[in-house]
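See below for the structure under consideration.
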Amino acid sequence: MNRSNLCWLALALITAGYLLFWFLLLSATATYSTPESWLKVLQSKEILHATWLSLVTCSIAAGFALLVAVPVGYLMSRRDFKGKSWLDAALDIPIILPPLVVGLCLLIFFQTRIGKIIEMAIPFTYQVSGVVLAQFVVAAGFAIRTMRGTFDHLSARPEDVALTLGCTRFQALWHVALPAARRGMVAAFCVSWARSLGEFGPILVFAGATRMKTEVLPTTVWLELSVGNLDAAVAVSLFMVALAVLVLVVVRATGEKI
């Protein structure tokens, strides 16, 4: 074998080793208990409530994230301006911050005068709305990255033609760019949804983990582990893995890369 083939072989072995590592992790988790015990756990009223709340809050948070990601991603893709690189870096703050820090920042903000005024209209701290906000804050960063990548890969020429025909920039966005970016929008929503589903730190700090109130699937795993109920923690974890795989399949079906 020549050196080039040896290099490819080494890279393939590293890739296979990494995939094998994850396969062994998931296999060990899946074989820890039996499907009958998983089904029994997932039918409990507490976990059914956590599941329902997770599905609803993730969908709302992903929807809001997409509403923010489309205009921000379009701006960052189509417009050059002074300080753009700094703004681009600032948009990544929710992605790079430790999750617990995000939750702490939310908690402290709503203790300020502005935060208290907001909570007079809509209470967030230790409420279901706080779960949605905590999920949105983190998920929006991933949605913005996905939408910017989508618009970067779309040619601006059709929009420029629409502008020469008398369309405004908003009309070009609405009638030309958005229809072309619909697959990217689906991918951004799915990525935001999956990220919201796995969010734990900000929710625990800002919204708490009160059973039958603000408990979602990630906090369910933590609550079950804290009382030594490993079977329930495993069952919920595997259910979340199944949901994540389903979302990944949907994203891949759109043809978008994340």
Side-chain angles (χ1 to χ4, degrees), residues 14-62 65 94-95 97-104 126-128 130-139 142 189-253 258:
I14 293 172
T15 303
Y18 177 73
L19 291 176
L20 178 61
F21 171 71
W22 272 105
F23 176 78
L24 292 174
L25 287 180
L26 294 176
S27 297
T29 305
T31 56
Y32 179 81
S33 188
T34 62
E36 292 77 14
S37 63
W38 300 340
L39 186 61
K40 182 178 179 181
V41 166
L42 294 176
Q43 287 177 337
S44 69
K45 63 178 183 178
E46 292 85 4
I47 293 180
L48 285 175
H49 180 271
T51 301
W52 173 84
L53 186 61
S54 292
L55 297 178
V56 171
T57 57
C58 288
S59 299
I60 295 173
I95 298 176
L97 275 182
L100 288 175
V101 174
V102 175
L104 183 61
Y126 300 118
Q127 302 293 329
V128 172
V131 175
V132 175
L133 181 58
Q135 292 171 335
F136 162 79
V137 167
V138 177
F142 292 89
F189 180 88
C190 291
V191 170
S192 302
W193 194 92
R195 193 66 187 84
S196 299
L197 179 68
E199 204 54 58
F200 170 71
I203 295 174
L204 182 64
V205 174
F206 182 57
T210 306
R211 293 227 120 149
M212 305 299 291
K213 184 180 179 183
T214 60
E215 179 189 3
V216 287
L217 290 176
T219 52
T220 295
V221 175
W222 177 74
L223 288 172
E224 298 297 346
L225 284 175
S226 66
V227 297
N229 192 356
L230 195 56
D231 284 343
V234 168
V236 175
S237 298
L238 291 175
F239 179 57
M240 292 176 65
V241 169
L243 290 175
V245 170
L246 179 62
V247 170
L248 183 61
V249 169
V250 173
V251 172
R252 291 303 182 189
I258 55 174

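This is a predicted model, so every value here is computed, not measured. Residue numbers count from 1 along this sequence.
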Calculate, to the nearest 0.5 Å, the distance between atoms [atom1] and [atom2] belonging to [X] and [Y] respectively.
| X | Y | atom1 | atom2 | result |
| --- | --- | --- | --- | --- |
| T57 | E199 | OG1 | CD | 11.0 Å |
| L223 | T210 | CG | OG1 | 9.0 Å |
| I203 | Y126 | CD1 | OH | 13.5 Å |
| L26 | S237 | CG | OG | 10.5 Å |
| L53 | I47 | CG | CD1 | 13.5 Å |
| L230 | E224 | CG | CD | 10.0 Å |

Ignoring hydrogens, what is the shortest heavy-atom contact between [X] and [Y]? Give both atom names and the distance.
| X | Y | value |
| --- | --- | --- |
| L48 | Q43 | CD1-O, 3.4 Å |
| S196 | A139 | OG-CB, 3.5 Å |
| A194 | V247 | CB-CG1, 3.8 Å |
| V216 | S54 | CB-OG, 3.2 Å |
| A209 | T219 | CB-CB, 3.9 Å |

**T220 and its side-chain hydrogen bond (donor to acceptor under 3.5 Å, both in side chains) partner, picked from R211, E215, H49** = E215

**Request:** Return yes if some donor-acceptor pair links the side-chain N/O of T214 with the main-chain N/O of A207 below 3.5 Å, else return no.
**Result:** yes

Side chains of [X] and [Y]: does their closest heavy-atom pair fall under 4.5 Å?
| X | Y | result |
| --- | --- | --- |
| P202 | V138 | yes |
| Y32 | D231 | yes |
| W22 | L25 | yes |

**Request:** Could you point out which residue of N229, V221, V227 forms a side-chain contact (heavy atoms from CB on, under 4.5 Å) with L225?
**Result:** V221

**Prompt:** Got a sec, which residues hit side-chain hydrogen bond (donor to acceptor under 3.5 Å, both in side chains) with S59, two or more places apart in sequence or on another chain?
**Reply:** W193

**Item:** Sidechain N-carboxylate O distance under 4.0 Å for K213, E46
**Value:** no

**Check against side-chain contact (heavy atoms from CB on, under 4.5 Å), I60 and F136** = CA-CA 8 Å; I60 295 173; F136 162 79; over 6 Å; no

**Request:** Test F206 against V131 for side-chain contact (heavy atoms from CB on, under 4.5 Å), laying out the working first.
**Result:** CA-CA 8 Å; F206 182 57; V131 175; over 6 Å; no

